[in-house]
Amino acid sequence: MPDRPVTLTSREEARFLADLILKHSSGDHTFISLHDQHGGTTRFANNQVVQNVNARRLALTVTVAFEHRQGSASTSDLSVGAVREALQRAETIARVAPVDPEYVPPEPPHVYPAVPAWREETDLAGPSGRIRRAHAAIDLCQAAQLRAAGIVFSHSSVSALAADTGLFAYEPRTEARFSLTATGADATGWAATAHRSIDQLQVEARTRAAIDSVKLGAEAKEIPPGRYTVILEPAAVLGLVSWMIWTLDAKAYDKNTSPFSGKLGSRIVDPRLTLRNLPDHPDLLGMGFTGEGLPTTDLAWIEDGVLTQLAYDRFTARAHRIERIPTLDAPCLIGAGPKESAAEGVEALVRGTERGILVRNFWYIRSVNPTDLTLTGMTRDGTFLIEGGKMTRAVRNFRFHDSPLRAFNHLEAFTAPVEATTGEGGKMLVPALKISDFNFSSVTRF
């Protein structure tokens, strides 16, 4: 039987709390944020469940401003007395806080897009639904004589915002995640995914893919580092794209410390690539509004290889007279162009490669040179030599030194975008990419 779900704070209750706070606030401006979440994580290691916890976490934060001084206080108690006490603490802090030169009043009312952020099956899953999926992964790994370790995570939540400007936003959301590392004698396989629907995690299919990686990765041989044609599977592409997204900061752009400085409106990657935000895509984790009450936007950030948007905080956006601040909560990298550059899948990319390296995933990616976005990191969970259009053997992992801005200008072919999730990069829709002249600087010793 499904676990009985917890009743989270309703829209009417959130509105009541907001009205109570705004009625009694003495500040020039008052902003309220409520997050109510119920869910948990099932962890497994060495083919057994080691943790299966469930909890409710609730936080109401009140921010009060007197001119350009502001203070915040939080509470997990939604009784009238506790809420008013949090308001008083916020007011006390605001009166003695230093002046914030970048203070901006709360957002005015907005019309927010309706996004498919709630799935009933995730809300109903609970600990028993998670543990059932964990055992499915464990059983498959045991049958293959491998060790399984990972997590199944699910939660239901509501987010609400309000301000004395008339702003009010409320949205229920669900999220589920699955991550697995399958370990053999001398190789590992990995899978990870996230979705609004726990039924879309595809635990058994992803576990089988991880098991296949372990089998293919056995008895890896060392080959020399150097510049290779590479096929990057979607998780590896996500690792590089996420660093591009993190550095699209307008303040750094203005200070000429960004790798994109002076390039707004110019081509920065192959013209077949477009990066777009798709908040209403059913397979992404988009939302209707940001934590500051901004509506999320369906906009291209890189269009046909040209940089078209930067990431603005509200102060910098006001200084630039940006009225519609772009958001990037549900990214999708899309390849488009001549038919011959698009492949049906990774297998087709492999068939079209005479010699190269296939990379399943990168990990521990870090910045080497922020001015040109040179990164370093290591391959993981499956690195294979391609010869004559076939994967012929597993090879030892490499360390790479390269910039996605350079690599994405050496694009040869791509697939359709698919779901990809990593611990460091979050979730996106990205294609697998075939790239020439990718720099592997050394062989790793593991």
For [X] and [Y], indicate whether the former's side chain and the latter's backbone hold a donor-acceptor pair under 3.5 Å.
| X | Y | value |
| --- | --- | --- |
| Thr290 | Glu292 | yes |
| Arg406 | Asp402 | no |
| Thr415 | Pro431 | no |

Which residues share a side chain to side chain donor-acceptor pair (under 3.5 Å) with [X], sequence neighbours left out:
| X | result |
| --- | --- |
| Ser367 | none |
| Asn361 | none |
| Arg43 | Gln51 |
| Glu347 | none |

Before accepting this row, confirm whether a basic side-chain N of the pair [X]/[Y] lies closer than 4.0 Å to the acidic partner's carboxylate O.
| X | Y | value |
| --- | --- | --- |
| Glu107 | Arg314 | yes |
| Asp270 | Arg272 | yes |
| Asp123 | Arg196 | no |
| Glu175 | Arg177 | yes |
| Asp36 | Arg57 | no |

Looking only at heavy atoms, which two atoms of [X] and [Y] are closest? And how far apart?
| X | Y | result |
| --- | --- | --- |
| Phe168 | Ala162 | CD1-CB, 3.9 Å |
| Arg380 | Asn397 | N-OD1, 3.6 Å |
| Phe384 | Ala394 | CD2-CA, 3.7 Å |

Residues 278-285 side chain polar contacts: donor-acceptor under 3.5 Å, at least two apart:
{"unit_1": "His281", "atom_1": "ND1", "unit_2": "Asp283", "atom_2": "N", "d": "3.0"}
{"unit_1": "Asp283", "atom_1": "OD1", "unit_2": "His195", "atom_2": "NE2", "d": "2.8"}

Tell me whether the rings of [X] and [Y] are parallel (<30°), tilted (30 to 60°) or perpendicular (>60°).
| X | Y | value |
| --- | --- | --- |
| Tyr228 | Phe440 | tilted |
| Trp243 | Trp246 | perpendicular |
| Phe178 | Phe44 | parallel |

Can you confirm whether or not the ring centre of His410 sits under 6.0 Å from the ring centre of Phe438?
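His410 vs Phe438: aromatic centres not under 6.0 Å.
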Going by ring-ring contact (aromatic ring centres under 6.0 Å, His included), name the residues that satisfy it together with [X], two or more places apart in sequence or in a different chain.
| X | result |
| --- | --- |
| Phe315 | none |
| Phe153 | His155 |
| Trp118 | none |

First locate atom [atom1] of [X], then atom [atom2] of [Y], and finally report the distance between them rounded to the nearest 0.5 Å.
| X | Y | atom1 | atom2 | answer |
| --- | --- | --- | --- | --- |
| Ile325 | Asp313 | CD1 | CG | 8.0 Å |
| Leu201 | Arg133 | CG | CZ | 7.0 Å |
| Ser266 | Phe260 | OG | CZ | 12.0 Å |
| Ser157 | Glu171 | OG | CD | 8.5 Å |

Residues 233-242, side-chain donor-acceptor partners within the protein, below 3.5 Å, at least two apart:
{"unit_1": "Glu233", "atom_1": "OE1", "unit_2": "Arg360", "atom_2": "NE", "d": "3.2"}
{"unit_1": "Glu233", "atom_1": "OE2", "unit_2": "Arg360", "atom_2": "NE", "d": "2.8"}
{"unit_1": "Ser242", "atom_1": "OG", "unit_2": "Leu238", "atom_2": "O", "d": "3.1"}
{"unit_1": "Ser242", "atom_1": "OG", "unit_2": "Gly239", "atom_2": "O", "d": "3.0"}

Cation-aromatic face contact Arg173/Phe289, 6.0 Å, 45 degrees:
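Judged by the rule, Arg173 and Phe289 form a cation-pi pair.
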Distance-only criterion, 3.5 Å: show the donor-acceptor pairs between side-chain atoms of residues 349-358 and protein atoms not counting sequence neighbours.
{"unit_1": "Thr353", "atom_1": "OG1", "unit_2": "Leu349", "atom_2": "O", "d": "2.7"}
{"unit_1": "Thr353", "atom_1": "OG1", "unit_2": "Lys434", "atom_2": "NZ", "d": "3.2"}
{"unit_1": "Arg355", "atom_1": "NH1", "unit_2": "Glu387", "atom_2": "OE2", "d": "3.4"}

List the residues meeting side-chain contact (heavy atoms from CB on, under 4.5 Å) with Asp304, not counting sequence neighbours, and say none if there are none.
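For Asp304, the residues satisfying side-chain contact (heavy atoms from CB on, under 4.5 Å) (neighbours in sequence not counted) are Thr274.
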Taking atom CZ of Arg318 as the centre, does the number of heavy atoms from other residues, nucleotides or ligands within less than 6.0 Å exceed 12?
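Result for CZ/Arg318: open.
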Enumerate donor-acceptor pairs with a distance under 3.5 Å from any side-chain N or O in residues 135-142 to protein atoms, sequence neighbours excluded.
none

